[in-house]
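Values in this document were obtained by computation on a predicted structure and should not be read as measured data. One-based numbering, in listed order, for ligands and for the atoms of each. Hydrogens, waters and symmetry mates play no part in the numbers below; they use all other heavy atoms, side chains included.
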Amino acid sequence: MFCVAAALSILQTGVGLSYFISCICEQETRAAVFGGAQFLLMLGLAILLFYLQATGFFTAGAGSSVLILGLLFAFGLLGGLTWPIGSNHKALAGTQGLVVGQVTRVDERDIVFARNRTIRPGSEQYKTYYELRPENEQFDAARRKRGGPLGQPGTIDKPKDRANVAAAMACLSIPIHLSPSEKYNPPPHPEFHEQRVEMLPETAGSRVKGYALSLGADLVGITEINPFWIYSKRGEIFSENWDEWGQPIELNHKYAVVFATQMAVDLVGTAPHTPTTIASMANYARGAFIATQLAAYIANLGYSATANHLRHYDAVLVPLAVDAGLGETGRLGYLMTKEFGPRVRLGAVTTDLPLIPDQPLDLGVADFCRICKKCANCCPSNSIPMDDPKEVNGTLRWKLNAETCFDYWGKVGTDCNICMRVCPWSHANTFPHKLIRALITRNKHARRLFKIMDDIFYGQKPKTKPAPRWAEYEY
Ligand code: SF4
Ligand code: SF4
């Protein structure tokens with residue numbers, strides 16, 4: 001019995017130590033203090049256990065009872081936190097599991113970015129759109145006066161953080177070149193014009209996934225496209241293709257290869273300051289780079305493919321990613337992945353290349369988000385709902401208020417990202433956090449326990465962290 005108790009105690013102390021080290025590496029001062037105290041407590045218990053064994057305490061009647069009770073408590077706790085309880089069968093059905101009513105395809109012209117980036121006052125499109133949606137005209141006019149989506153970039157940083165604004169804007173240099181149609185719908189390389197490369201769907205799937213990962217994607221999955229998630233009409237115009245604006249989007253592709261790239265945890269930690277926007281923009285650039293090459297690869301195989309990235313979207317990517325098994329939708333409306341939580345950006349390639357779809361995941365996100373609410377509590381514009389999921393366009397889910405969120409971006413001059421920074425799923429993907437996410441995924445008691453621990457270790461409103469040295473600036 002002592003050997004079992006000793007093994008458990010050493011294991012627990014080891015996990016405590018790994019958590020403490022992880023907090024130091026992540027520069028999480030508060031968590032490191034609590035993590036250090038927790039580790040010392042565990043170490044003390046382990047030393048006490050060995051000391052009592054050396055004194056022969058556990059061989060006496062009372063001592064062996066203490067040992068048995070201690071073991072029962074430890075196994076009870078272990079079982080209570082690891083036994084698979086609280087699975088969500090709806091999550092395993094992907095976005096189909098959320099459908100409760102009539103779903104209509106989203107018109108891309110209604111997306112807050114499309115309205116404010118694309119429509120120019122005095123243009124034909126302006127007249128057409130605001131005749132259709134007069135309720136949006138006043139808001140959008142006020143936003144246009146303020147500037148682009150980020151208003152005056154870097155406003156929140158005093159003095160204005162020009163070097164980091166420059167770094168964020170530099171990321172646009174990649175996607176901007178990839179906006180013409182021949183880039184996102186690439187023709188095959190001349191060498192591959194004649195002959196299609198034949199492959200079984202399993203082989204094709206493993207090749208395209210492997211290729212995406214080799215190009216820098218961190219997660220990749222495949223889904224059969226649910227037509228609900230294809231935009232009904234084109235709303236974003238980036239390469240003077242005005243004849244497409246307002247036209248129906250017809251997509252003949254059956255599959256989507258969806259991928260996620262991880263945003264740097266140290267840059268996101270500075271949210272809502274400018275370095276966090278570098279993380280966002282850098283991953284849009286990575287997404288454009290990966291999606292364009294992946295589409296060209298599939299074109300060379302002899303199939304049709306369209307890259308979806310910052311400068312061209314046919315589809316709403318979060319639901320496609322859910323169906324492709326990359327994660328679930330969280331309270332903040334973003335994709336929540338098991339590995340990085342919401343700290344990702346998405347890209348995709350739609351194609352007629354025959355592939356085998358992946359299965360959606362049950363990560364316990366719906367239950368965890370129901371009890372957590374940290375993003376909603378920390379959102380400065382109250383854009384994240386506090387209550388339970390509601391019916392939105394025929395689906396039961398949380399919906400971020402994109403209008404008020406977008407207005408806050410304009411005020412601070414960054415893409416904010418506070419919700420992403422504070423989310424307990426966003427911590428670095430180190431061993432102790434992986435262990436915690438695995439327990440949260442399996443067990444509903446673990447969800448409750450680790451929500452409380454996250455509040456204790458990181459605070460109910462975690463503070464902004466300093467930027468890495470190369471992106472340092474004055475607050
Ligand atoms: S902060 Fe909490 S409620 Fe918000 S998305 Fe993350 S886990 Fe869900
Ligand atoms: S990005 Fe900022 S303003 Fe927008 S929902 Fe997240 S916390 Fe709120």
Give the numbers and elements of all ligand 1 atoms closer than 4.0 Å to a heavy atom of [X].
X: Trp425; result: 7 (S)
X: Cys372; result: 1 (S), 2 (Fe), 3 (S), 7 (S)
X: Phe368; result: 7 (S)
X: Met336; result: 5 (S), 6 (Fe), 7 (S)
X: Arg331; result: 3 (S), 5 (S)
X: Cys369; result: 3 (S), 5 (S), 7 (S), 8 (Fe)

Distance to 0.1 Å, residue and atom name: give those for the protein heavy atom nearest to [atom].
atom: atom 6 (Fe) of ligand 1; answer: Cys423 SG, 2.4 Å
atom: atom 3 (S) of ligand 1; answer: Lys373 N, 3.3 Å
atom: atom 4 (Fe) of ligand 2; answer: Cys405 SG, 2.4 Å

Sub-4.0 Å atoms of ligand 2 with respect to non-hydrogen atoms of [X]:
X: Pro380; answer: 7 (S)
X: Asn417; answer: 1 (S)
X: Leu400; answer: 5 (S)
X: Ser381; answer: 3 (S), 8 (Fe)

As a test of understanding, state which of Arg437, Glu339, Lys338 forms a side-chain hydrogen bond (donor to acceptor under 3.5 Å, both in side chains) with Asn429.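 Of the listed residues Arg437, Glu339, Lys338, the side-chain hydrogen bond (donor to acceptor under 3.5 Å, both in side chains) partner of Asn429 is Arg437.
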
Neighbour count >12 (heavy atoms, 6.0 Å) for atom [atom1], [X]:
X: Glu244; atom1: CD; value: yes
X: Trp83; atom1: CH2; value: no
X: Glu391; atom1: CD; value: yes

Any idea which of Cys375, Cys379, Ala366 brings a heavy atom closest to atom 1 (S) of ligand 1?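 Minimum heavy-atom distance to atom 1 (S) of ligand 1 goes to Cys375.
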
If we only consider heavy atoms of Phe406, is any one of them less than 4.0 Å away from an atom in ligand 2?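 Under 4.0 Å: no for Phe406.
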
Cut-off 3.5 Å, side chains only: do [X] and [Y] have a donor facing an acceptor?
X: Asp314; Y: Tyr184; value: no
X: Thr276; Y: Asp415; value: no
X: Asn417; Y: Ser280; value: yes

Using a 4.0 Å heavy-atom cut-off, which part of Ile384 comes near ligand 2: side chain, backbone, both, or neither?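 The side chain, only.
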
Just heavy atoms, cut-off under 4.0 Å: does Leu332 contact ligand 2 by side chain, backbone, both, or neither?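 Leu332 to ligand 2: no contact under 4.0 Å from either part.
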
Let me check your reading of the structure: within less than 2.8 Å of atom 2 (Fe) of ligand 2, is there an N/O/S atom from Cys416?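 Of the N, O and S atoms in Cys416, at least one lies under 2.8 Å from atom 2 (Fe) of ligand 2, which means yes.
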
I want to check a possible cation-pi pair here: Arg311 against Phe238, using under 6.0 Å from ring centre and within 45° of the ring axis as the test.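 Yes, a cation-pi geometry.
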
Is atom 6 (Fe) of ligand 2 less than 2.8 Å from an N/O/S atom of Cys419, whether that atom is in the backbone or a side chain?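 Under 2.8 Å: Cys419 contacts atom 6 (Fe) of ligand 2 through an N, O or S atom.
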
Is there a side-chain contact between Leu92 and Gln359 in this structure, where contact means two heavy atoms from C-beta onward sitting under 4.5 Å apart?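 Result no, sub-4.5 Å side-chain heavy-atom pair not found.
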
side-chain contact (heavy atoms from CB on, under 4.5 Å) partner of Arg115, chosen from Arg143, Arg109, Arg133: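 So, applying the side-chain contact (heavy atoms from CB on, under 4.5 Å) to Arg115 and each of Arg143, Arg109, Arg133, only Arg143 qualifies.
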
Just by modelled atom types, is the Leu81 backbone N or O under 3.5 Å from a matching donor or acceptor in the Arg442 side chain?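 No: the side chain of Arg442 does not pair with the backbone of Leu81.
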
Assess the residue pair Tyr129 and Glu137 against the criterion (side chain to side chain donor-acceptor pair (under 3.5 Å)); give the C-alpha distance rounded to whole Å, side-chain angles, the decisive distance to 0.1 Å, and a yes or no. CA-CA 9 Å; Tyr129 182 74; Glu137 184 169 8; over 6 Å; no

